[in-house]
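Each residue takes its place number in the sequence, starting with 1. None of the values given here were measured: they were computed from a predicted structure.
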Amino acid sequence: MRHDLLSKLDIRYPIIQAPMAGISTPALAAAVSEAGGLGSIAVGTVNAEGARAAIAAVREKTQRPFNVNVFTHAPAQADPAREAAWLDWLRPHFARFGAEPPSRLSEIYRSFLADEAMLALLLEQRPAVVSFHFGLPPQDWIDQLKAAGIVLFTTATSLEEALRIEQAGIDVIVAQGIEAGGHRGIFDPTQPDPALPTFELLEQLSGKVALPLVAAGGIMDGKQIRTAFYHGASAVQMGSAFIACPESSAPPHHRALIANGAALETAMSAVISGRPARGIVNELFTEVGAAGHPPLPDYPITYDAAKALHAAASGKGSQDYSVNWGGTNFAQARAMPAGELVATLAAEMIEPA
């Protein structure tokens, strides 16, 4: 199945660079694709015209296949009372920097489920791969994208989600373990999270679904790639491994945390964006997420507040409230060009145990 997936995607190596919104760039995606993997860009935080520009920027640098990722969360529902309570909770944190919270919060980007212009753009541009994170779009949209010749990926964090993905006619399942950095792809964040480690999730899915499985979460080197294959994966998706590459848009503070990360920890929290996500622990996790906080606004409305708080802090020279997504093994990231990293991973992948 691994070789079938490589053929289907027209890539040399079973290595997929994760579509990290805010970190991945057209240059990073192109470098990975040129090196024989599958590069990815995330367009969930931009509108259709922004996505058009990002796709064009990748195609200026490579003619190889790449992945375009969209967010398929339930569209946010505004709740002024809940949002006001959240801003009041944050007020002391803004006060540290002589700032006031914003007067109101906004849905800072739109779900793909409510963005027909994005669907039209993808059908027009026809990238080799489109991936969905946080759930499935309408069946009619899936059918249209498949009819356009696009290979479709969807993230699963449980067997139940994987079965739904297979039933919808998706081509590939991204099996996201609890170790993964950034946002959990869980379909319904109001339900209990199975929180399965990557290799345990692969074991649960293997034999239960017929689709190729892409392992995502905690994979940083070729030895871990081989282990993922042993547990049933046909390919791996790696995010934290690529953050330190010069082609990523990670800011200096994030890069410094990775370089000196041996003593640092990651945690999962929803207080930054409104959905569970794993990042490097700082005041956003420990202080904003302290016990007793009020109910969170919907995703991504909560994220609007976190971005405003970070802006207030960074304006005074503090990174205490910066957002630094990363998986459990983030400190193992290697600061080398993305193409060189792909070649290194490919060589490690075939080394004898």
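Residues L6 and P14 have side chains in contact (heavy-atom distance under 4.5 Å, counting atoms from C-beta outward). Within the 4.5 Å cutoff, side-chain heavy atoms of Q17 are placed close to those of S24. The shortest distance between side-chain heavy atoms of V342 and F242 falls below 4.5 Å. With a 4.5 Å cut-off on side-chain heavy atoms, S314 and S322 do not count as touching. Within the 4.5 Å cutoff, no side-chain heavy atoms of F153 are placed close to those of I170. Looking at heavy atoms from C-beta onward, F66 lies in side-chain contact with I55 at the 4.5 angstrom threshold. A 4.5 Å side-chain heavy-atom check between D221 and R334 finds at least one atom pair inside the cut-off. When side chains are defined from C-beta on, R278 does not count as touching H183, because their heavy atoms never get closer than 4.5 Å.
Checking side-chain atoms of T157 against main-chain N and O of G185 turns up no donor-acceptor pair under 3.5 Å. Judged by distance alone, with hydrogens and angles left aside, the side-chain atoms of T198 form a donor-acceptor pair with the main-chain N or O of G217 at under 3.5 Å. With hydrogens and angles ignored, the 3.5 Å screen pairs no side-chain donor or acceptor of N324 with any backbone N or O of L257. Looking only at distances, a side-chain donor or acceptor of R64 sits under 3.5 Å from a matching main-chain atom of D10. Side-chain atoms of S206 come within 3.5 Å of backbone N or O of H231 as a donor-acceptor pair. Proximity of a side-chain donor or acceptor of T286 to a complementary backbone N or O of N282 within less than 3.5 Å is detected. Within the 3.5 Å criterion, the main-chain N or O of Q224 finds no donor-acceptor partner in the side chain of E348. Side chain of S249 to main chain of G22: a donor-acceptor pair is present (N/O by atom type, distance under 3.5 Å, no hydrogens or angles). Under a 3.5 Å cut-off, the side chain of S273 and the backbone N or O of P300 do not form any donor-acceptor pair. The backbone N or O of A30 sits nowhere less than 3.5 Å from a side-chain atom of E34 that would complete a donor-acceptor pair.
A continuous path of Ile, Leu, Val, Met, Phe, Trp and Tyr side chains, each step under 4.5 Å between heavy atoms, connects L121 with W141, placing both in one hydrophobic cluster. No path of Ile, Leu, Val, Met, Phe, Trp and Tyr side chains, each step under 4.5 Å between heavy atoms, connects M20 with I186, placing them in separate hydrophobic clusters. No single ILVMFWY cluster, assembled from side-chain heavy atoms under 4.5 Å apart, contains both I243 and I272. Residue I280 is not grouped with residue I178 when hydrophobic side chains (ILVMFWY) are merged at heavy-atom distances under 4.5 angstrom, including chains of intermediate members. Placement of M268 and I23 in two distinct hydrophobic clusters is found when ILVMFWY residues are connected by side-chain heavy-atom separations under 4.5 Å, directly or transitively.
Here R164 does not pair with E161 in a salt bridge; the nearest charged N to carboxylate O distance is not below 4.0 Å. Under the 4.0 Å criterion applied to side-chain N and carboxylate O atoms, K146 and D143 are not assigned as salt-bridge partners. Note on D304 versus R104: no salt bridge recorded, every NZ/NE/NH1/NH2 to OD/OE distance being 4.0 Å or above.
A donor and an acceptor atom, one from each side chain of S248 and R255, are located under 3.5 Å apart.
Counting all heavy atoms, side chain and backbone alike, M118 lies closest to V43 at CE-O, 3.7 Å. In terms of heavy-atom proximity, A216 sits nearest to A180 at O-CB, 4.3 Å. Residue T302 comes nearest to V271 through the heavy atom pair CG2-O, 3.4 Å, listed as atom of the first residue, atom of the second, then distance. Looking at every heavy atom in both residues, F330 comes nearest to S240 through CA-CB, 4.2 Å. A29 and V58 get closest at one heavy-atom pair: CB-CG2, 4.4 Å. Closest approach of R126 and R59 over heavy atoms only: O-NH2, 3.5 Å.
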For this session: Let me see the working for Q319 and H310 under side-chain contact (heavy atoms from CB on, under 4.5 Å), right down to the final yes or no.
Result: CA-CA 7 Å; Q319 293 296 323; H310 171 54; 3.4 Å; yes
For this session: Dump the intermediate steps for ring pair (Phe, Tyr, Trp, His ring centres under 6.0 Å) on H293 and W86, then the final yes or no.
Result: CA-CA 8 Å; H293 68 72; W86 185 243; 5.6 Å; yes
For this session: I would like to know whether R275 and R184 meet side-chain contact (heavy atoms from CB on, under 4.5 Å); could you show each step before the answer?
Result: CA-CA 8 Å; R275 264 185 169 262; R184 290 285 281 160; over 6 Å; no
Problem set entry | Trace of the side-chain contact (heavy atoms from CB on, under 4.5 Å) decision for Q125 with V68 | CA-CA 10 Å; Q125 293 293 312; V68 177; over 6 Å; no
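In this structure, Y109 and F71 have tilted ring planes: the angle between them lies in the 30° to 60° band.
Residue H133 forms a side-chain contact (heavy atoms from CB on, under 4.5 Å) with just one option from T155, V70, V174, and that option is T155. For the side-chain hydrogen bond (donor to acceptor under 3.5 Å, both in side chains) criterion with S131, the lone passing option out of T154, T72, N69 is N69.
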